[in-house]
Amino acid sequence: MVGICSLVYGTPVSAISEAYKENIFNTGQLKATDSVLKVKAGDPAPQFSLKSISGETISLSQFNGKKNVVISFVPAAWTPVCSDQWPGYNLVKDVFEQNQAILLGISVDNIPTLYAWTNQMGNLWFPILSDFWPHGAVADSFGVLRSDGTAERAIIMIDKTGIIRYIHVSDINRRPELEELLQELAKLNS
C-alpha cells in the first residue's frame, strides 16, 4: 500500500487539473520553520473547539476514549504545497480507519476561503477546521503559529487518552512524507 501511495501521491494535484492550477498562489521559497513548539510528545494536547467548513463545531475532546487524532496543520489555502498535501490523504483513508484514527485538517484561513479551496480539491473525507478567529489560537497553543500569522506545516498525533504521541514540523516548502505518517499512525495502537 505504501509503495502505491508514494507513486500516486507523488503526482501534484495542480498537475491534474489545469483550472485548479491557475488558482494557486506562488509563495516562492519561504523560511523553513518559524516557530517554537509549546508542546512535546508525552504532553496532554491543548484542548480546542473549531468550526468546520460544514458548519459543525469540532472539539478535540469529542474523540477522547474513541479515536486517535491526527492533526494536519497547513499554512495557507490556495498555495502549491498545501493544495497538494490534503488530497493525498484520500489515498490512505482506510489506514486511518484501521488505526482507529480521525484526521483533522486545520488552517488559519477563514471558512469561506477554506470551503472554496477544498471544493476545488474534490471530496476530502476528513473535517477541515478554521483557526481564523481568534487568529491562529489553536496553532499558537501547540507552538506552530509562524510570525507571519500562518501555521507551520505540522503533523501532530494524539492518542485516545488525549496525550500527544508524535509531532513533526516540516519544512514549510515541502509536503510531509506520507510513508512516515503511516508508520507513526500504526504505532498509536501498539
Take atom OH in Tyr115; do more than 12 heavy atoms of anything else shown fall under 6.0 Å from it? no
Can you name the closest pair of heavy atoms from Val81 and Arg175 and give their distance? CG1-N, 3.4 Å
Considering only Ile, Leu, Val, Met, Phe, Trp and Tyr, and joining two whenever side-chain heavy atoms are under 4.5 Å apart, list the other residues clustered with Val36. none
Can Leu188 and Asn99 be said to form a side chain to side chain contact (heavy atoms under 4.5 Å, CB included), step by step? CA-CA 7 Å; Leu188 285 176; Asn99 288 284; 5.9 Å; no
Restricting to salt bridge (Lys or Arg N to Asp or Glu O under 4.0 Å), what partner residues turn up for Glu180, sequence neighbours left out? none
Run the numbers on Phe142 and Leu37 for side chain to side chain contact (heavy atoms under 4.5 Å, CB included), then give the verdict. CA-CA 6 Å; Phe142 285 92; Leu37 285 171; 5.6 Å; no
Minimal heavy-atom distance between Ser52 and Ile111, with the atoms involved, is O-CD1, 3.5 Å
Do the side chains of Ile71 and Ile155 get nearer than 4.5 Å, heavy atoms only? no
Main-chain N/O of Ser35 paired to Glu152 side chain as donor or acceptor, under 3.5 Å: yes
Locate the shortest heavy-atom distance separating Met121 from Ser83; write the atom from each residue and the value. CE-CA, 4.1 Å
Test side chain to side chain donor-acceptor pair (under 3.5 Å) applied to Asp159 - qualifying residues, sequence neighbours left out: Thr161, Arg165
Within residues 51-67 or reaching into it, pairs that qualify as salt bridge (Lys or Arg N to Asp or Glu O under 4.0 Å) - sequence neighbours excluded: none
Hey, are Asn189 and Asn68 close enough side-chain-wise for a donor-acceptor pair under 3.5 Å? yes
Qualifying side-chain hydrogen bond (donor to acceptor under 3.5 Å, both in side chains) pairs, either residue in residues 130-143, two or more places apart: Lys38-Asp140
Nearest 0.5 Å, please: how far is CD1 in Ile53 from CG in Asn110? 12.0 Å
Hydrophobic cluster (4.5 angstrom, side-chain heavy atoms) - remaining members for Val108: Leu145
Would Val70 and Tyr89 count as a side chain to side chain contact (heavy atoms under 4.5 Å, CB included) if you check the C-alpha gap in whole Å, the side-chain angles of each, and the deciding distance to 0.1 Å? CA-CA 11 Å; Val70 178; Tyr89 297 136; over 6 Å; no
From Asn90 CG over to Asn123 CG, what is the distance, rounded to the nearest 0.5 angstrom? 7.0 Å
Using 30° and 60° as the class limits, which term best fits the ring planes of Trp78 and Trp117: parallel, tilted or perpendicular? tilted
May I ask you to check whether Asn64 and Ser61 show a side-chain donor-acceptor distance below 3.5 Å? no
Heavy-atom pair of closest approach, residues Phe73 and Ala139: CE2-CA, 3.7 Å
Are Phe48 and Phe132 connected into the same hydrophobic cluster when the rule is that any two of I, L, V, M, F, W, Y join if their side-chain heavy atoms are below 4.5 Å apart? no
Which residues pass the side chain to side chain donor-acceptor pair (under 3.5 Å) test with Gln183, sequence neighbours left out? none
For Lys40, the salt bridge (Lys or Arg N to Asp or Glu O under 4.0 Å) test, sequence neighbours excluded, returns Asp43
I'd like to know whether Ile158 forms a side chain to side chain contact (heavy atoms under 4.5 Å, CB included) with Ile163, so could you lay out the CA-CA distance, the side-chain angles of the two residues, the decisive distance to 0.1 Å, and finally the verdict. CA-CA 5 Å; Ile158 302 162; Ile163 302 300; 5.9 Å; no
Results of side chain to side chain donor-acceptor pair (under 3.5 Å) for Thr118 - residues two or more places apart only: none
Please examine the side chains of Val39 and Ile167, heavy atoms only from C-beta on, and report whether any two atoms are closer than 4.5 Å. yes
CG-CD1 distance between Leu50 and Ile106, expressed to the nearest 0.5 angstrom: 5.5 Å
For Phe96, ring-ring contact (aromatic ring centres under 6.0 Å, His included) partners two or more places apart: Trp125
Are Gln85 and Ser72 close enough that a side-chain donor and a side-chain acceptor fall under 3.5 Å? yes
Write out all pairs satisfying salt bridge (Lys or Arg N to Asp or Glu O under 4.0 Å) with one or both partners inside residues 100-109, taking only residues at least two apart or from two chains. none
Residues in side chain to side chain donor-acceptor pair (under 3.5 Å) with Lys187, at least two apart? Glu184
Nearest heavy-atom neighbours spanning Ile164 and Pro44: CD1-O, 4.3 Å
When rounded to the nearest 0.5 angstrom, what distance separates CZ in Arg153 from CZ in Arg174? 11.0 Å
Scanning both residues in full, the closest heavy-atom pair of Pro87 with Leu124 reads CA-CD2, 3.9 Å
Count I, L, V, M, F, W, Y as connected when their side-chain heavy atoms are under 4.5 Å apart, and connections chain through other members. Are Tyr166 and Val138 then in the same cluster? yes
Tell me whether Thr79 contacts the main-chain N or O of Ala76 through its side chain, where contact means a donor paired with an acceptor under 3.5 Å. yes
